[in-house]
Amino acid sequence: MRDEEISAALLAWYDGHARVLPWRTGPAERRAGHRPDPYRVWLSEVMLQQTTVAAVRDYFHRFTSRWPDVAALAAADDGEVMAEWAGLGYYARARNLLKCARAVVADHDGRFPETSAALLTLPGIGPYTAAAIAAIACDEPATVVDGNVERVTARLFAVETPLPNAKPELTALARRLTPETRPGDRAQAMMDLGATICTPRNPACGICPLRSFCAGHASGIATELPRKLAKKPKPTRFGIAYVGTREDGAALLERRPERGLLGGTLGWPGSAWTEATPAPAPPAAADWRESPGAVRHTFTHFHLVLTVLTARLPAGSNPERGHFVSRDNFRPGDLPTVMRKVHDLASRALLTD
DNA sequence: TAAGCGTGGCT
DNA sequence: TAGCCAAGCTT
């Protein structure tokens, strides 16, 4: 009974406070019988993996403008999709996005499957995303567990087990709060509550619709939850990047291997990234000069310090690595952020030369 | 199964 | 400033 009261309080709050988002069908529309487009739900959920709403907004608009449905995306050029994704991070998502779109077209007649179990078999769709799409787009009473739900649930039930060990326990508790009614709204309500009220730091318990049910708040430890195991320190790695520009303005770029860090993205040729600065191995013969300063960038699991070398390459340059991209076809914004930083440093160095 | 995999904003 | 954090998935 108590679990149902919590669900009811959550939905009542959501009816008045649901955020308006481009990929979302609001509670009023939903009651009028409108379901959101599964393609847009899927695209938004993949973009939102480990990524904030603010960061996703513009990317979502550009993707849906350029590729309005799953068939269009499935037919897209890989390089153009990678370029459009540039800057959003976790590039495996973009590669899997294409694989998934093509699987939907090839194996599912161009329509997304309508159960979480079937969605789970598609590339890039894991337990969270499968449950979210099924609940939001198909009204399946799937239990959606993301970082927000983990935090809300840990506080609501005062779970002291640290993450990630607490994951099964929190999932079971979240399942208790998953009623048959309005599963899509309920899932989004939990996430909205976590994003706007039950925030990681300084939660707004004073205006929380679940305060009277919250064991964490009652015992004064809500802000400390969920507990987390200590993280490993990040090592620092070093490398060299070569910014080569031909006389006609073409840039010497290289597509990285499909797998691994920045897989499938476009970037400047360079050394491996290792614990000591590697010996130079330029991609083409030229008078390479070091740009003052360095590029600093932090990835998920290490810090990177890049030395940037620039050179003008002759018209007939025949590089050992990479390929030339004409001035008209080169946009720094098509590169992942670390490579855009390299471009920016090289540009500053050439300007002051 | 633990580790690999981006980025930008906030404190 | 440096660490923490965000609507996780894959291998």
Side-chain angles (χ1 to χ4, degrees), chain A residues 19 21-24 40-60 82 85-97 99-100 119-137 142-152 163-165 167-168 171 174 184 186-196 198-203 223 226-237 256-265 267 273 295-304 333 335-341:
Chain A
R19 288 189 290 176
L21 299 172
W23 47 84
R24 176 176 282 185
R40 294 165 66 88
V41 174
W42 163 70
L43 180 62
S44 67
E45 289 299 343
V46 172
M47 287 183 166
L48 286 163
Q49 289 167 6
Q50 300 288 285
T51 309
T52 58
V53 166
V56 163
R57 263 205 173 85
D58 290 347
Y59 284 87
F60 181 80
M82 295 309 291
W85 195 275
L88 198 55
Y90 284 134
Y91 297 94
R93 294 185 295 173
R95 305 193 300 273
N96 285 329
L97 198 72
K99 285 185 195 165
C100 182
L119 288 161
L120 194 53
T121 68
L122 290 166
I125 298 184
Y128 162 76
T129 306
I133 298 172
I136 295 168
T143 303
V144 176
V145 184
D146 71 335
N148 288 307
V149 176
E150 288 176 354
R151 186 172 57 257
V152 170
L163 284 168
N165 298 7
K167 177 94 177 175
T171 299
R186 199 212 68 91
Q188 293 175 98
M190 284 287 275
M191 295 191 282
D192 273 18
L193 187 75
T196 63
C198 195
T199 51
R201 285 175 289 209
N202 304 318
T223 307
R227 303 198 192 282
K228 299 193 174 180
L229 293 178
K231 294 181 179 175
K232 284 187 179 178
K234 293 185 206 294
T236 299
R237 296 185 191 169
R256 298 174 69 89
E258 280 292 305
R259 305 178 75 90
L261 186 65
L262 304 177
T265 66
W273 298 340
V295 166
R296 292 180 172 277
H297 190 77
T298 298
F299 292 102
T300 312
H301 52 297
F302 66 93
H303 303 289
L304 178 64
L335 306 180
T337 298
V338 63
M339 294 297 174
R340 188 177 47 69
K341 287 184 182 177

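Each chain gets a letter, A, B and so on, in the order the sequences are listed, and its residues count up from 1.
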How long is the span from the CZ atom in A/Phe299 to the NZ atom in A/Lys234, to the nearest 0.5 Å?
11.0 Å

Residue A/His301, side-chain heavy atoms: nucleotide from C/dT11, B/dT7, B/dG4 that is nearest:
B/dG4

Which one, B/dT11, C/dA6, C/dT10, comes nearest to the side chain of A/Gln50?
C/dA6

Within the 3.5 Å criterion, strictly below it, is a donor on A/Arg24 or A/Gln188 matched to an acceptor on the partner's side chain?
yes

Using a heavy-atom cut-off of 4.0 Å across all strands, would you classify A/Gly87 as base, sugar-phosphate, or nothing?
sugar-phosphate

Does C/dA6 have OP1 or OP2 sitting under 4.0 Å from an N or O in the side chain of A/Arg151?
yes

What about A/Thr298, does its side chain sit under 3.5 Å from the base of B/dG6 through a donor-acceptor pair?
no

Does OP1 or OP2 of B/dT7 have a side-chain N or O of A/Thr337 closer than 4.0 Å?
yes

Flag yes if more than 12 heavy atoms outside A/Arg296 fall under 6.0 Å of its CZ atom; otherwise flag no.
no

Between A/Thr199 (side chain) and A/Thr196 (backbone), is there a donor-acceptor pair under 3.5 Å?
no

Using atom CH2 of A/Trp85 as one end and atom P of B/dC5 as the other, report the distance to the nearest whole Å.
18 Å

Here the distance between atom P of B/dG6 and atom CG of A/Leu335, to the nearest Å, is 15 Å

Toward the 5' end of DNA chain C, which comes first, A/Glu45 or A/Pro123, by nearest nucleotide?
A/Glu45

Nearest-Å distance for atom pair CH2/P, residues A/Trp273 and B/dC5:
10 Å

Pairwise 5' ranking along DNA chain B for A/Thr300 and A/Lys232, keeping only the more 5' one
A/Lys232

Of all the nucleotides listed (B/dT7, C/dA6, C/dG8), which has the minimum atom distance to the side chain of A/Thr52?
C/dA6

Atom CZ of A/Arg95 and atom P of C/dG8 are separated, to the nearest Å, by 18 Å

Rounding to an integer number of angstrom, what distance separates B/dG8 and C/dC9 when you compare their P atoms?
22 Å

side-chain N/O A/Tyr91 vs B/dT7 OP1/OP2, d < 4.0 Å
yes

A/Tyr128 and A/Gln49 side chains, donor-acceptor separation under 3.5 Å
no

With sugar-phosphate meaning primed atoms plus P, OP1 and OP2, does A/Ile125 contact a base, only sugar-phosphate, or nothing at under 4.0 Å between heavy atoms?
sugar-phosphate

Over how many whole Å does the gap from A/Arg296 atom CZ to C/dA2 atom C1' extend?
12 Å

Picking from B/dG8, C/dC9, C/dT11, which would you name as closest to the side chain of A/Thr129?
C/dC9

Measuring from the side chain of A/Gln49 (C-beta onward, heavy atoms only), which nucleotide among B/dT7, C/dC5, C/dC9 has the closest atom?
C/dC9

Counting heavy atoms from C-beta on, name the nucleotide in B/dG8, B/dT7, C/dC5 closest to the side chain of A/Lys228.
C/dC5

For A/Leu21, answer base if it contacts any base atom (sugar-phosphate contacts may also be present), sugar-phosphate if it contacts only those atoms, and nothing otherwise; contact means non-hydrogen atoms under 4.0 Å.
base

From C/dA6, B/dC10, C/dC9, pick the nucleotide closest to the side chain of A/Arg201?
B/dC10

Length of the CD-P vector between A/Glu150 and C/dG8, whole Å:
9 Å

Let me know the distance between CG of A/Leu261 and P of C/dT11, rounded to the nearest Å.
16 Å

From the list C/dG8, B/dC5, C/dC5, which nucleotide is the closest neighbour of the side chain of A/Tyr128?
C/dG8

Partner of A/His297 by side chain to side chain donor-acceptor pair (under 3.5 Å), out of A/His303, A/Lys341, A/Arg340
A/Lys341

At less than 4.0 Å, is any side-chain N or O atom of A/Arg57 found next to OP1 or OP2 of B/dG8? Yes or no.
no

Please state how far atom CG in A/Leu120 lies from atom P in C/dG8, giving the value in whole angstrom units.
16 Å

Students often get this wrong, so: under 4.0 angstrom with heavy atoms, is A/Val56 touching a base, only sugar-phosphate, or nothing?
nothing

Under the 3.5 angstrom rule, does the side chain of A/Arg95 hit a backbone N or O of A/Gly263 as a donor-acceptor pair?
yes

From B/dT7, C/dG3, B/dG4, nucleotide with atom closest to A/His303 side chain
C/dG3

